[in-house]
Amino acid sequence: MAGSTADRIDITGFNLYYHATRALEDITLAIPEREVTAIIGPSGCGKSTLLRAINRMNDLIDGVRTDGGLRLDGEDIYQRGIDVVELRRKVGMVFQRPNPFPKSIYENVAFGVRMGGNGLLKTRLDEVVERSLKEAAIWDEVRDRLQRSAMELSGGQQQRVCIARALAVEPEVILMDEPASALDPLATAKIEELIFRLKEKYTIVIVTHNMQQAARVSDRTAFLMLGRLIEYDKTSKIFTSPSNKLTEEYITGRFG
Amino acid sequence: MEQRHFDLELLQLKEKLLMMAARTEALINQAIDSLKQRDPKLAEDIFRLDKEIDGMEVEIEEQAIALIALHQPTAGDLRFLVGAIKINNDLERIGDHGVNIAESAIRLSSEPAIKPLIDIPRMAALATGMLTDSLDGFVNSHPDKARVVCGRDDQVDELKDQIFRELLTYMMEKPDTITRAMDLILVSRNLERIADLSTNICEETIYIAEAKVIKHHAEETPHHP
């Protein structure tokens, strides 16, 4: 399913097990660069697991084992000798609940860059913070209070600061796990507009159980059920004329 | 109000619809020219334009359906998309009536004229005027302009009846004029439909702008608010 642009993430025959349970079964999916790919499906279908597989967040869970291929820019990220820290720099993540550190807005955004250890000059770091906050469409709201705690911001603002934090380390891919499910409709609309703009530069994979959100923001949609990929196609195709009956039943709200 | 990327997509759809409207208007004007000038060569261009309009209709409909499916529009956005689907359909039908007129024009050009055309050009001017103004009302979201256009439909209907009566006398007098007279009656019938469809476009414009349904004279009956 190669798009007009190159594929950034190439998943082939990928399986993931929790102990003896197979949570992802034979997933084959190519995610094109600079597009938004949404993963939808009923609770427990494996959508978050699949998302977390892309930057090996599942490694932290006991008893997880994988096989099959998961390549980022052609390189198998599960092969021996992969630098997982570097992988997670390239593949940033934004979570369901905004999780700013109890530090200033500035420090939240600068954090990852400092961790990277390339002792940037203060002026250079200032630039990175400003660029990232601008890209995350929050700069105008916080420019005058960069030294205030990020915890003072509203939920929607915190989430955009978290997105800025992910952008600061110059990732290629951004994974978003239900990034707006804890936000009100207006804050959600802001995040959605932001996602739309971010795809000019980044490859975005988003998990959502809000189907309407998937429809609004994504270029492609993958529908998962019971750990299997049922259908993967252009979002406009999935939401107007899905090929699989299960997809049709799910998106029209007949189950799930 | 903040700009949504959805607004941009709505605007693109509107622009495409306007391009289709411009082509439809051009097609009708050419069809009438080919009739008045008795020039069958003009018809070639009409068939090409009609093909183009048909292609645009499919494209616009698909795009509007996708926008409804993907954005779950409400209120004004929803009315615009539903109205756009209907106007799209109206424009395509108007194009077809233009083609019918061109076909009559081709047949009529191969035979001597029954009589100089007087009422048909008048009717054509009225119908194309209604089309132009209805599109103008839609483009500029001008429901008041649209209301005025709807009122002009009666004049077109009267002319159609008048043309029919007149041609009936020709046919009764000289049966060899029947084929040609029938073609002229068909032309007037097609013009009348173009005026009706222009009225539909106005009704959609008013619906989009004011959320009011005015068709079937709903505004004139007292129990409708």
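Heavy-atom basis, side chains included; hydrogens, waters and symmetry copies ignored. Note on naming: letters A, B, ... go to the chains in the order of the sequence lines (proteins, then strands), and numbering restarts at 1 for each one. Just so we're clear, the structure is a prediction, and the values are computed from it rather than from any experiment.
- Residue A:L226 places its CG atom among 12 or fewer non-hydrogen atoms of other residues, nucleotides or ligands, all under 6.0 Å distant.
- In the displayed structure, B:H142 atom NE2 is contacted under 6.0 Å by at most 12 heavy atoms of other residues, nucleotides or ligands.
- Within a 6.0 Å sphere centred on CZ of B:R93, heavy atoms belonging to other residues, nucleotides or ligands number 12 at most.
- Within a 6.0 Å sphere centred on CZ of B:F164, heavy atoms belonging to other residues, nucleotides or ligands number 12 at most.
- Other residues, nucleotides and ligands contribute at most 12 non-hydrogen atoms within 6.0 Å of the CE atom of B:M182.
- In B:R107, the CZ atom is crowded: over 12 heavy atoms of neighbouring residues, nucleotides or ligands sit closer than 6.0 Å.
- Of residues 64-73 of chain B, those residues lying under 4.5 Å from chain A by any heavy-atom pair are B:I65, B:A66, B:A69, B:L70, B:H71, B:Q72.
- Using non-hydrogen atoms only and a strict 4.5 Å limit, the part of residues 195-216 of chain A facing chain B consists of A:F196, A:Q212, A:A215, A:R216.
- Residue A:R228 qualifies as open at atom CZ: its count of foreign heavy atoms under 6.0 Å is 12 or below.
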